[in-house]
2 protein chains.
Amino acid sequence: MTDQLAPQPEQDPSSNAAAGAWDGIAERLRAGGLRWTPQRRTLVEVLRACKGHVTATELIGLCRERDATTTPSTVYRTLDVLEEFGLVKHGHGHDGREEYHVLPEQIHGHLYCEACGAVWEIRPETGAVIVAALEADLGFVIDLSHVTMAGRCEGCRD
Amino acid sequence: MTDQLAPQPEQDPSSNAAAGAWDGIAERLRAGGLRWTPQRRTLVEVLRACKGHVTATELIGLCRERDATTTPSTVYRTLDVLEEFGLVKHGHGHDGREEYHVLPEQIHGHLYCEACGAVWEIRPETGAVIVAALEADLGFVIDLSHVTMAGRCEGCRD
DNA sequence: CTTGCTATTGCAAGAGGTTGCGCTAGGCTT
DNA sequence: AAGCCTAGCGCAACCTCTTGCAATAGCAAG
């Protein structure tokens with residue numbers, strides 16, 4: 001189950017780009033009748049320092065480093081709120097566990113190799129082909145980043 | 001979160017086709033040094049009566065109807081064994097929960113509409129396009145049936 | 001039929017995630 | 001500066017799934 005051995009793995013060039021996207025949150029929350037609490041502040045600080053993908057468990061761990069009193073339910077609920085504001089987006093890894101995409105700039109899908117455990121990114125052009133195929137078929141517009149598809153990478157198919 | 005409202009939902013024409021595929025299991029298990037136990041018998045009886053897809057939770061419930069002493073860990077472990085024999089195949093629903101495909105005759109993917117909750121099947125031809133696109137891109141061979149992709153169906157995209 | 005090896009079982013504990021509920025405390029109003 | 005309304009918090013309980021371990025029971029051999 002070891003990860004990140006892929007020949008062409010997770011590239012994150014403009015990682016924490018648009019870091020300023022977080023700037024107005026306190027105000028944006030209040031504008032919607034929501035509140036800016038210490039717990040939310042902690043989670044947002046953690047997320048600002050994240051690039052790409054994080055699992056919910058990792059986020060809870062990181063929050064606890066800053067505030068040992070962090071409770072899981074609060075983190076999950078805050079993530080739901082942030083998702084409504086478009087600041088994070090949740091998905092499911094190959095095993096169904098939750099993982100969050102921070103600042104989903106460029107939507108891309110993921111492939112998990114069941115044999116070597118590596119995770120690959122689907123190139124945007126290929127993703128576009130997939131999305132187009134489904135739209136042509138059923139008129140369905142999919143969110144390619146919601147799930148990690150499983151299979152076998154080039155080097156692992158017997 | 002109600003399901004099965006799709007205009008073109010889950011069709012299962014030859015549902016429990018190849019029901020005979022279950023016939024030799026006891027012997028096949030023994031041939032591999034494994035054992036035929038009452039618990040496995042119960043689960044297989046339940047599976048024989050299933051068509052298409054079932055969640056792990058549903059299976060545990062159905063087993064308990066036949067044998068109230070059924071324990072979850074045994075069911076999960078038996079499902080793993082049956083999967084190695086190709087009799088079932090596990091995947092993950094849109095929310096990451098496990099679901100099993102019984103007698104995976106024709107591999108097909110699923111789409112979940114986040115708005116209306118309906119589940120749609122991806123037509124084999126469309127699935128082939130998707131698989132081909134990924135193979136051409138990265139040489140990756142995916143298992144389209146492992147996950148349920150999420151998005152919005154024709155009637156639900158604003 | 002009895003014996004013995006070991007695959008399986010059931011239990012208990014634990015990890016990840018969700019939910020209902022009473023109390024706390026943001027933050028707008030006066 | 002004080003008060004009120006209610007969003008959000010922490011807790012406890014529950015659900016799904018996994019894993020380690022000791023005891024049980026298939027089943028093949030004698």
Side-chain angles (χ1 to χ4, degrees), chain A residues 1 24-44 53-64 66-85 88-100 146-148, chain B residues 1 24-44 53-64 66-85 88-100 146-148:
Chain A
M1 292 290 156
I25 333 166
E27 291 66 38
R28 272 180 283 162
L29 285 172
R30 280 192 278 259
L34 306 180
R35 293 172 189 174
W36 183 239
T37 66
Q39 295 83 347
R40 291 183 174 176
R41 196 168 139 51
T42 302
L43 178 56
V44 167
H53 322 83
V54 228
T55 65
T57 305
E58 286 167 349
L59 286 173
I60 292 170
L62 290 167
C63 282
R64 263 202 241 272
R66 291 172 181 257
D67 174 2
T69 71
T70 301
T71 57
S73 55
T74 297
V75 173
Y76 284 110
R77 284 191 279 229
T78 300
L79 284 167
D80 288 345
V81 171
L82 295 178
E83 187 156 11
E84 279 168 21
F85 279 73
V88 300
K89 190 152 173 354
H90 88 279
H92 299 278
H94 65 96
D95 58 355
R97 287 220 181 28
E98 297 222 16
E99 67 186 21
Y100 285 84
H146 187 78
V147 294
T148 296
Chain B
M1 289 292 154
I25 334 167
E27 290 67 37
R28 272 179 282 161
L29 285 172
R30 281 192 278 259
L34 305 180
R35 292 170 189 174
W36 184 239
T37 65
Q39 294 84 346
R40 289 182 177 177
R41 197 168 141 46
T42 303
L43 179 56
V44 167
H53 323 83
V54 228
T55 65
T57 305
E58 285 166 351
L59 287 173
I60 293 170
L62 290 167
C63 283
R64 264 203 240 272
R66 290 171 182 258
D67 174 2
T69 71
T70 302
T71 57
S73 55
T74 298
V75 174
Y76 284 109
R77 284 189 281 227
T78 300
L79 284 167
D80 288 345
V81 171
L82 296 178
E83 187 157 12
E84 280 168 19
F85 279 71
V88 300
K89 189 154 172 353
H90 89 279
H92 299 278
H94 66 94
D95 58 355
R97 291 227 188 3
E98 296 221 20
E99 67 186 20
Y100 286 84
H146 187 77
V147 294
T148 296

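Atom set for the values below is all heavy atoms of this structure, side chains included, hydrogens, waters and symmetry mates excluded. Protein chains get the first letters and strands the later ones, always in sequence-line order, with residue 1 at the start of each.
Put simply, CG on B:Leu43 is 12 Å from P on C:dG10, counting in whole angstrom units. Rounding to whole angstrom units, CD1 of residue A:Ile60 and C1' of C:dT18 are separated by 12 Å. Atom P of nucleotide C:dT9 and atom CG of B:Asp80 are separated by 11 Å, given to the nearest angstrom. When rounded to the nearest whole Å, the span between CD of A:Glu83 and P of C:dG17 equals 14 Å. Here C:dC11 presents its C1' atom at 16 Å from OH of B:Tyr76, a figure rounded to the nearest Å. Taking atom CD of A:Glu58 as the reference point, atom P of C:dG16 lies 10 Å away to the nearest angstrom. The distance from atom CZ of A:Arg41 to atom P of C:dG27 is 12 Å, rounded to the nearest whole Å. When rounded to the nearest whole Å, the span between CD of A:Gln39 and P of C:dT24 equals 14 Å.
B:Ser73 comes within 4.0 angstrom of a base, heavy atoms only. Nucleic acid contact class of A:Gly33 (heavy atoms, under 4.0 Å, all strands): sugar-phosphate only.
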task = Test side-chain contact (heavy atoms from CB on, under 4.5 Å) on B:Arg40 and B:Ile25 and set out the steps.
result = CA-CA 10 Å; B:Arg40 289 182 177 177; B:Ile25 334 167; over 6 Å; no

Before giving the answer on side-chain contact (heavy atoms from CB on, under 4.5 Å), spell out for A:Thr57 and A:Arg97 the whole-Å C-alpha distance, their side-chain angles and the decisive distance to 0.1 Å. CA-CA 9 Å; A:Thr57 305; A:Arg97 287 220 181 28; 5.6 Å; no

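No side-chain heavy atom of B:Thr74 sits less than 4.5 Å from a side-chain heavy atom of B:Thr37. Between B:Glu83 and B:Lys89, the closest side-chain pair of non-hydrogen atoms falls below 4.5 Å. A:Glu98 has its side chain out of reach of A:Leu79: every pair of non-hydrogen atoms, C-beta onward, lies at least 4.5 Å apart.
Within 3.5 Å, a donor on the side chain of B:Arg35 pairs with an acceptor on the base of C:dT6, or the reverse. At a cut-off of 3.5 angstrom, counting only N and O atoms as typed in the model, there is a donor on one side and an acceptor on the other between the side-chain of B:Arg77 and the base of C:dG10.
Of the candidate nucleotides C:dG17, C:dG10, C:dG27, C:dG17 has the atom lying nearest to any side-chain atom of A:Glu98. When distances are taken from the side chain of B:Thr37 to each of C:dG27, C:dG17, C:dT8, the shortest belongs to C:dT8.
Looking at residues two or more places apart in sequence or on another chain, you find no side chain to side chain donor-acceptor pair (under 3.5 Å) involving A:Asp80.
Nearest heavy-atom pair, B:Thr148 versus A:Val147, reported as atom, atom and distance to 0.1 Å: O-CG1, 3.4 Å.
Under 4.0 angstrom from either OP1 or OP2 of C:dG17 there lies at least one side-chain N or O belonging to A:Thr57. Not one side-chain nitrogen or oxygen of B:Thr71 sits closer than 4.0 Å to the OP1 or OP2 atom of C:dT9. Contact annotation: A:Arg30 side-chain N/O to C:dG26 OP1/OP2 distance is not under 4.0 Å.
Running 5' to 3' along DNA chain D, contacts with non-hydrogen atoms of chain B at under 4.0 Å begin and end at D:dT16 to D:dA28.
Nearest-nucleotide mapping onto DNA chain D: of A:Leu29 and B:Gly96, the residue sitting toward the 5' end is A:Leu29.
Classification of the B:His146-B:His90 ring pair by plane angle, with boundaries at 30° and 60°, yields perpendicular.
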